[in-house]
Enquirer: 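The following block contains the structure, expressed as structure tokens.
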Amino acid sequence: MNASQTPLFAGISPQDYALLQPMTHQKDYARGQIILHAGNLAPQVGLVLTGRVHIEMSDPWGGRGILGSVGPGEIFAESYALCAQPLQVDAVCAEDARILLLDADRALRAVPRLCQNLLSICARKNLALSRRIFCTSAPTVRARVITYLSTAGRQGDDLVLPFNRQQLADYLNVDRSALSRELGRMRDDGLLTFHKNRFRLLR
């Protein structure tokens, strides 16, 4: 993916984009590699060019939960970079990925249009966080699945989820076995069809 065509750089002139190049660098990461570690400062905004990154949180007992999934053209760690606060999460490659890292402080001072772009992106991310809260606050596994799928696409659409079964369970904050059982029941009840991470909500 061409970084200049992503929402982060929308509306930025070729001259300003060229000005930003010394403030960026690209790096390849392997699946499972941690890009940013919880507890560290993150002065750079990450932009996914290829692959996928999961935002994960560890609990004191060694468990991990997925808070979000970031695909090509999307950014991560922007809140920490702008607020200069230590990370509370890990940014982990869900698959091999190429990441562009942008020095946030220098870039915002050099190209003010980035502020508008980041504000728009942050607003959309707040809506996505609200959707996840709706999912995890539903009282049953079935309700969480329906809420998640109904906010991910329209009824009858084929949805390719960015999660495997364990990751989906983590995202919905449910037990994997309970999720698998409920998906089977929902399929038998004619509510949905699925194969691996491809789902269709029927009603």
Side-chain angles (χ1 to χ4, degrees), residues 1-31 33-57 65-135 148 151-154 157 159-163 167 171:
M1 168 170 285
N2 188 331
S4 65
Q5 298 174 348
T6 64
L8 179 62
F9 297 113
I12 291 177
S13 69
Q15 294 81 7
D16 281 344
Y17 185 72
L19 183 65
L20 291 170
Q21 295 315 294
M23 307 171 201
T24 71
H25 71 275
Q26 297 183 23
K27 186 173 179 180
D28 292 326
Y29 293 87
R31 178 180 179 182
Q33 189 172 356
I34 298 179
I35 303 167
L36 298 172
H37 292 260
N40 292 344
L41 291 174
Q44 297 170 317
V45 174
L47 169 65
V48 180
L49 298 178
T50 62
R52 182 163 292 275
V53 174
H54 285 171
I55 308 304
E56 301 183 0
M57 182 180 67
I66 295 178
L67 302 181
S69 182
V70 185
E74 298 177 325
I75 66 172
F76 59 93
E78 69 283 353
S79 296
Y80 296 100
L82 296 174
C83 297
Q85 294 294 312
L87 289 154
Q88 296 178 314
V89 295
D90 294 323
V92 184
C93 280
E95 55 191 69
D96 292 350
R98 170 163 288 186
I99 308 298
L100 180 146
L101 295 167
L102 171 71
D103 185 325
D105 185 56
R106 290 174 60 204
L108 289 172
R109 284 188 279 110
V111 181
R113 173 58 193 254
L114 276 176
C115 292
Q116 179 180 338
N117 292 350
L118 280 170
L119 180 60
S120 177
I121 292 169
C122 287
R124 290 195 294 270
K125 285 197 168 188
N126 281 338
L127 292 176
L129 179 59
S130 296
R131 288 194 292 269
R132 183 170 188 265
I133 292 172
F134 294 153
C135 292
Y148 174 67
T151 58
R154 296 174 301 179
D157 286 348
L159 304 173
V160 180
L161 306 187
F163 305 126
Q167 292 165 345
Y171 183 83

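Hydrogens, waters and symmetry mates are skipped; everything else that's a heavy atom, side chains included, is used.
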Enquirer: Verify, without hydrogens or angle tests, whether N117 (side chain) and A10 (backbone) share a donor-acceptor contact under 3.5 angstrom.
Expert: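 Judged by distance alone, yes, a pair lies under 3.5 Å.
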Enquirer: Run Y29 and I34 through side-chain contact (heavy atoms from CB on, under 4.5 Å) and show every step you take.
Expert: CA-CA 8 Å; Y29 293 87; I34 298 179; over 6 Å; no
Enquirer: Crowded around Q26 CD? As in, over 12 foreign heavy atoms under 6.0 Å?
Expert: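 Yes, the 6.0 Å shell around CD holds more than 12 heavy atoms from other groups.
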Enquirer: Would a 4.5 Å heavy-atom cut-off, applied to side chains only, mark L41 and P86 as touching?
Expert: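 They are in contact (side-chain heavy atoms under 4.5 Å apart), so the answer is yes.
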Enquirer: For a quick test of your reading: what N or O donor-acceptor pairs under 3.5 Å do the side chains of residues 91-100 make, sequence neighbours left out?
Expert:
residue, atom, partner, partner atom, Å
D96, OD1, R31, N, 2.8
R98, NE, D28, OD1, 2.7
R98, NH2, D28, OD1, 3.3
R98, NH2, D28, OD2, 3.0

Enquirer: My understanding is that only residues two or more places apart in sequence, or in another chain, count here; which of them pass ring-ring contact (aromatic ring centres under 6.0 Å, His included) with Y80?
Expert: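 Scan of Y80 (ring-ring contact (aromatic ring centres under 6.0 Å, His included), adjacent residues dropped) gives none.
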Enquirer: Compare all side-chain heavy atoms of T50 with those of V48 and state whether any distance is below 4.5 angstrom.
Expert: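 Contact flag for T50/V48 side chains = no.
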Enquirer: Would you find a donor on one side and an acceptor on the other, under 3.5 Å apart, between the side chain of D90 and the backbone of E56?
Expert: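 Such a contact is absent between D90 side chain and E56 backbone.
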Enquirer: Could you tell me whether a side-chain N or O of T6 sits under 3.5 Å from a main-chain N or O of N2, the two making a donor and an acceptor?
Expert: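 Pair absent, no side-chain N/O of T6 close to backbone of N2.
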Enquirer: Give a yes or no answer on whether the side chain of K125 reaches the backbone of I75 with a donor-acceptor pair at less than 3.5 Å.
Expert: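 Present.
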Enquirer: Distance-only, no hydrogens or angles: does the Q33 side chain make a donor-acceptor pair with backbone N or O of A30 under 3.5 Å?
Expert: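 At least one qualifying donor-acceptor pair exists.
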Enquirer: Do the ring centers of Y148 and F134 come within less than 6.0 Å of each other?
Expert: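 That pair fails the under 6.0 Å test.
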